[in-house]
Amino acid sequence: MADYRPPLRDVNYVLEHLVDLDGLCGLPEFSGLDADTIKGVLEENARFVAEVIAPLNRIGDTVGSVFEPATNTVRTPDGFIDAYRQYVDAGWGGVPFPEVYDGGGFPWLVGIVMQEFISSANMAFSMAPLLTQGAIDLLMHHGNEEQKEKYLKRMVTGEWTGTMNLTEPQAGSDVGAVRTKAVPHGDGTYRITGTKIYISFGEHDMVENIVHLVLARTPDAPAGTKGISCFIVPKYLVNDDGSLGARNDVKVVSIEHKMGIKASPTCVMSFGEDDGAIGYLIGEENRGMSYMFTMMNNARLSVGLEGLSLAERAYQDALQYSQERRQGRAPGAPAGEMSLIINLPDVRRMLLTMRSIIDALRAIIYVNAHALDMAAHHPDADVRQRNQELVELLIPVSKGFGTDMGIEATSLAIQVYGGMGYIEESGVPQHYRDARITSIYEGTNGIQAMDLVGRKLPMRGGGVMDDYLTQIGSLVARLDAAGSEFAGMRDRIDESLACVRNTVMWLTEHGIADVRNALAGATPFLRMFGLLVGARYLADSALAAKVDINAGVGDTEYLNARITVARFYCDNLLPGVLGLESAVTAGFEDIYAISNETL
């Protein structure tokens with residue numbers, strides 16, 4: 001298994017060519033920053049993650065976190081406490097948050113790049129700061145000033161971690177089925193009782209306090225999602241002077257024995273077994289779901305990023321193995337000699353497939369993060385609106401397509417290893433096992449597909465999607481003008497664009513007639529649209545590389561490789577768009593034609 005090497009050159013290429021980093025630094029919110037400062041911070045973060053966090057990945061998988069019932073605690077693997085202390089001391093968790101809360105005041109895009117590094121290095125470890133970021137996001141937008149003063153700063157610094165308590169045994173994706181109760185106590189607090197499951201880092205030993213955000217129902221609340229409220233339920237109560245008080249009535253019942261990310265304790269949490277856990281209402285009663293959706297885009301983008309991160313880590317391992325392992329004889333190799341498997345055509349195909357997936361995902365996700373920053377901070381309302389529309393359109397692609405392709409890439413890494421890829425000691429199966437949860441997190445990918453066709457296609461009367469596809473049409477014209485080197489890329493994108501336009505029309509027409517038509521074709525449509533979006537940004541990347549080559553700027557070999565990877569993607573992956581058209585437009589009849597008993 002290779003040591004993790006943060007892909008700074010690839011990251012910087014996207015920051016320089018596919019997002020407007022200088023324009024981002026020119027916004028009033030980030031006026032004290034410049035591109036060189038950002039790259040310097042990322043370089044130092046990459047060094048820290050590679051040296052401190054990455055070496056713990058293996059022990060995290062083999063040892064995992066352990067529940068100790070006698071003390072009602074969860075013990076993380078050796079090294080995790082010290083690594084997390086160093087993470088906090090360095091201030092990494094606060095970099096993308098406002099300075100008023102002791103953050104670094106950097107764009108969210110910078111935080112996303114750092115998330116890529118830490119998720120590649122050690123996804124299980126990364127879950128603690130990732131869940132904390134979601135809790136911070138919600139509190140920043142909806143907490144009152146007292147709550148922000150009491151909790152936010154120590155969450156931003158990472159001294160305390162946060163959790164999101166949504167899921168219950170009977171309420172998974174259907175959050176409206178939540179039964180946890182919140183009863184007013186007459187002093188401004190509530191008593192919380194209920195059970196939550198699948199709570200990542202719900203209990204652990206890396207920090208002294210954990211701030212749980214809990215969805216619950218108050219008495220006489222409306223049924224479904226309209227009757228859900230959100231509460232702060234800290235592990236330890238916090239005194240007015242900021243010191244820790246008594247232990248709250250919150251307990252971990254058990255931790256799950258999972259397929260992957262074994263060092264991230266996935267807890268069953270019990271609230272209020274004794275006198276009721278003390279909770280503090282965030283905002284207004286019955287607004288909990290709307291508050292949760294505030295942080296949903298960021299959370300889904302971060303999960304999509306996990307697909308990219310694990311694909312990158314698996315690719316690095318597979319590439320190194322292919323450069324060391326000798327097996328068989330490559331075409332043209334001397335007789336009697338075994339070749340390095342990197343010279344075998346099928347292995348090279350797999351490696352290029354992985355690399356093209358990674359380059360496409362990194363571009364999609366960074367563009368999505370850049371749009372989040374622009375939508376939040378640009379002074380022009382029209383620019384903010386256009387970027388928010390782009391955010392909404394790309395989020396299901398970043399999350400759904402990103403995690404699906406991440407799983408496929410980690411599976412390919414196992415195939416590159418051959419038989420050794422099926423052996424745990426090689427290390428590469430961990431990446432696949434860790435990646436498998438990502439298509440389930442933050443709304444399953446089926447939900448992302450339904451979101452794309454049900455909510456995103458109709459935005460602005462279909463105008464948002466139409467604008468995006470028109471931009472791809474302009475890209476086709478630029479590829480045509482770039483010469484014969486880009487002719488194949490141009491043709492593949494052009495025919496895929498026409499296919500996507502046709503399916504959008506079909507989904508719009510037939511989905512209105514019967515929503516089951518749209519829902520039946522949603523998942524294959526998410527895949528085909530994701531493939532086209534990836535091709536768009538890889539083609540942009542290739543055109544930018546050609547400009548640099550012609551100008552004599554940069555490493556010519558590396559720039560030519562960017563063009564080759566884009567061409568490979570368009571020749572080998574993008575044709576999948578055409579093959580998916582019939583799956584999108586097949587309708588729902590066959591899905592329901594077989595009875596439940598016969599199925």
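Keep in mind that the numbers below use all heavy atoms, side chains included, and drop hydrogens, waters and symmetry copies.
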Go through the side-chain N and O atoms of Thr76 and Asp205 and say whether any donor and acceptor fall under 3.5 Å apart. yes

Please check if any side-chain donor atom of Thr161 sits under 3.5 Å from a side-chain acceptor atom of His204, or the reverse. yes

Would Phe106 and Phe30 count as a close aromatic pair, with their ring centres under 6.0 Å? no

Closest non-hydrogen atom pair between Asp3 and Gln316, with its separation: O-OE1, 3.8 Å

Output yes when a side-chain donor or acceptor of Ser541 lies under 3.5 Å from a complementary backbone atom of Tyr537, and no otherwise. no

Sidechain-backbone polar pair: Arg536 side chain, Ile472 backbone, donor-acceptor under 3.5 Å: no

All side chain to side chain donor-acceptor pair (under 3.5 Å) counterparts of Asp89, not counting sequence neighbours: Arg85

Would you confirm whether the ring centroid of Trp108 sits within less than 6.0 angstrom of the ring centroid of Phe97? yes

Might you point out which heavy atoms bring Ile407 and Ser439 nearest each other, and give the distance in Å? CD1-OG, 3.7 Å

Polar side-chain atom of Tyr87 near backbone of Ile53 as donor-acceptor pair, under 3.5 Å: no

Residue pair Pro129 / Ile118: nearest heavy atoms and the distance that separates them: CG-CD1, 4.4 Å

Between Ser309 (side chain only) and Glu116 (backbone N and O only), is there a donor and an acceptor less than 3.5 Å apart? yes

Asp317 and Ala2: which non-hydrogen atoms are nearest, and at how many Å? OD1-N, 3.0 Å

Identified side-chain contact (heavy atoms from CB on, under 4.5 Å) counterpart of Val113 within the set Val11, Asn12, Val14, Ile365: Val11

